[in-house]
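Report on the following structure.
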Amino acid sequence: MEDVTDSPFRSICKSFGADILITEFICSEGLIRDAAKSKVKLTFGEEERPIGVQIFGHDINSMHKAAMIAEQAGPDFIDINLGCPVKKVVVKGAGAALLNDVPKMISLTAEVVRSTSLPVTVKTRLGWDESSRNIVKVAEMLQDTGIQAISIHGRTRSQLYGGKADWTLIGEVKNNPRMKIPVFGNGDIFTALIAKQMKEQYGVDGLMIGRAAIGNPWIIREIKAYLTEDILLMPPSLQERVDILKKHLSRKTAYKGERSAILEMRKFYSGYFKDLPDFKKYRMRLMMAQSEVEINEIIKEFTIYH
Ligand SMILES: Cc1cc2nc3c(=O)[nH]c(=O)nc-3n(C[C@H](O)[C@H](O)[C@H](O)COP(=O)(O)O)c2cc1C
């Protein structure tokens, strides 16, 4: 997830048991131009393996070059984003826009498969809109290009993040006898209970967790404990949450500088301190904090009173 799953946060998710990690999406044109932001997104630590680098774009030639650059970074696989609904991506014909042009989606995917010796996977949605929920057919066609796995978010592009994810078609893809590659389900897994229900009801090979992990990376530990041992874990103690937050902040600061770290950390506070009483006024202060030292002071004050 952009501005979320950078290397510092991924390594924290790994420590909670994430089996497979994927970078933030990286613009193919940015990679080719050698843009600093795209290059940073390509970096990862050895402990993050197996890791995929996710690329997106609209131009087949650029995707060919981007796949070769991504391969040089040494990931375990390359993932293609065929589902991003954000306007600035879609207007260029990339991400979910390719759901509107299936022949191009297929040629672009086939080209990436040809461009690298690494396994290629894709991440997509159910279709463009309500009238074109064509993922069952599209998944078969994508499989025929030689991809090794598919992740499906149970919404159309038109839905953006609204409404509820519909897993029925994800289940249909998984149960299609033509499908041989692993199918990962994605969308609205916010608790271990939901994770188990989706896994059992739709038989998917894996679950992809997005928003629920923001400020809540221990959800991965909770889901695994429930799936494998039927244990429902308690939420972490305040001390554990604080330790994770501090680790996250200091790694982020070292990774991309204090200014960016402070801005990006703002997405995480509500999650890290979820359900703790009296957090609201501390959250306001955290949102306005200007340095790592100041953030650590505010957190210290919060813990003293709890
Ligand atoms: C802030 C944010 C950034 C995202 N960035 C990406 C991205 O770079 N690549 C991608 O495949 N999906 C991205 N997504 C979509 C998520 O991977 C996921 O498909 C979606 O949030 C639905 O799953 P969830 O209900 O578990 O969050 C992003 C979502 C959010 C909220």
Side-chain angles (χ1 to χ4, degrees), residues 1-7 9-10 13 18 20-28 30-31 37-38 40-42 44 51-57 63 66 70 75 77-90 92 94-99 105 109 112 120-127 135 142 147 149-167 169-170 183-199 202 204 206-217 219-220 222-223 260 263-271:
M1 288 179 285
E2 194 182 24
D3 293 339
V4 175
T5 59
D6 55 9
S7 182
F9 188 60
R10 289 194 306 263
C13 292
I20 303 174
L21 295 162
I22 303 189
T23 63
E24 303 164 82
F25 73 166
I26 312 180
C27 173
S28 53
L31 271 187
K37 192 171 180 202
S38 304
V40 173
K41 285 181 174 178
L42 264 186
F44 55 85
I51 181 156
V53 165
Q54 189 184 70
I55 55 174
F56 74 96
M63 287 296 275
F77 63 100
I78 292 177
D79 188 59
I80 311 173
N81 184 309
L82 302 174
C84 178
V86 173
K87 208 168 175 185
K88 69 173 193 234
V89 171
V90 169
K92 290 196 175 142
L98 289 156
L99 285 162
M105 175 198 261
T109 305
V112 173
V120 175
T121 60
V122 305
K123 159 90 184 308
T124 189
R125 289 185 172 229
L126 302 180
I135 189 62
L142 285 166
I147 59 162
I150 181 167
S151 301
I152 305 165
H153 174 191
R155 285 187 175 84
T156 62
R157 189 274 162 174
S158 302
Q159 285 178 285
L160 304 173
Y161 291 91
K164 246 182 95 191
D166 174 4
W167 279 61
L169 284 179
I170 300 176
V183 176
F184 294 85
N186 169 241
D188 297 352
I189 298 177
F190 288 110
T191 64
L193 290 163
I194 299 173
K196 189 164 190 170
Q197 189 200 333
M198 294 305 166
K199 180 108 180 36
Y202 298 102
V204 288
L207 301 166
M208 178 180 269
I209 315 296
R211 290 165 297 175
I214 303 175
N216 191 29
I219 189 167
I220 300 161
E222 291 171 0
I223 289 174
S260 300
L263 291 176
E264 288 180 15
M265 283 304 291
R266 291 179 182 169
K267 283 196 190 67
F268 293 86
Y269 298 128
S270 301

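Below, each value reflects all heavy atoms present in this structure, side chains not excepted, and no hydrogens, waters or symmetry copies. Whatever order the structure lists them in is the order used to number ligands and atoms, beginning at 1.
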Could you find the nearest protein heavy atom to atom 2 (C) of ligand 1 and give me its residue, atom name and distance? M1 CB, 4.0 Å

Identify the protein heavy atom lying closest to atom 31 (C) of ligand 1, giving its residue, its atom name and the separation to 0.1 Å. R211 CG, 3.5 Å

Tell me, please: is F56 in heavy-atom contact with ligand 1, that is, under 4.0 Å? no

Look only at interatomic distance and state if F25 has a nitrogen or oxygen under 3.5 Å from any nitrogen or oxygen of ligand 1. yes

One should read off an interatomic distance between M198 CE and N186 CG, to the nearest 0.5 angstrom, of 11.5 Å

Here's one to test your reading of the geometry: is the NZ or CZ of R211 within 45 degrees of the ring axis of F268 and under 6.0 Å from its centre? no

Element-labelled atoms of ligand 1 that are located less than 4.0 Å from some non-hydrogen atom of G187: 23 (O), 25 (O)

Lys/Arg-Asp/Glu bridge criterion (N-O < 4.0 Å) met for K37, E2: yes

Step by step, would you call R125 with I135 a side chain to side chain contact (heavy atoms under 4.5 Å, CB included)? CA-CA 7 Å; R125 289 185 172 229; I135 189 62; over 6 Å; no

When you measure from atom 12 (N) of ligand 1 to each heavy atom in K267, K123, R155, which option holds the nearest one? K123

The one among R125, Q54, H153, M208 that brings a heavy atom closest to atom 7 (C) of ligand 1: Q54

Using only atom types and a distance under 3.5 Å, with no angle test, would you say the side chain of K123 pairs donor to acceptor with the backbone of I152? no

Among all protein heavy atoms, pick the one closest to atom 5 (N) of ligand 1 and tell me residue, atom and distance. E2 N, 2.9 Å

In terms of side-chain heavy atoms, does D79 have a donor or acceptor partner in T121 at a distance below 3.5 Å? yes

Atom 19 (O) of ligand 1: the protein heavy-atom neighbour that sits closest, reported with distance to 0.1 Å: N186 OD1, 2.6 Å

Side chain proximity check, V4 to K267, heavy atoms < 4.5 angstrom: yes

Quick one: which ligand 1 atoms are inside 4.0 Å of a heavy atom on N81? 9 (N), 10 (C), 11 (O)

When distances are taken from atom 15 (C) of ligand 1, the protein heavy atom at minimum range is Y161 OH, 3.4 Å

Short N or O distance, D188 and ligand 1, threshold 3.5 Å exclusive: yes

Any side-chain heavy atom of C27 within less than 4.5 Å of one from F56? yes

Taking distance alone, with no angle check, do G210 and ligand 1 share an N/O pair under 3.5 Å? yes

Taking T156 for its side chain and L126 for its backbone only, find out whether a donor-acceptor pair lies under 3.5 Å. no

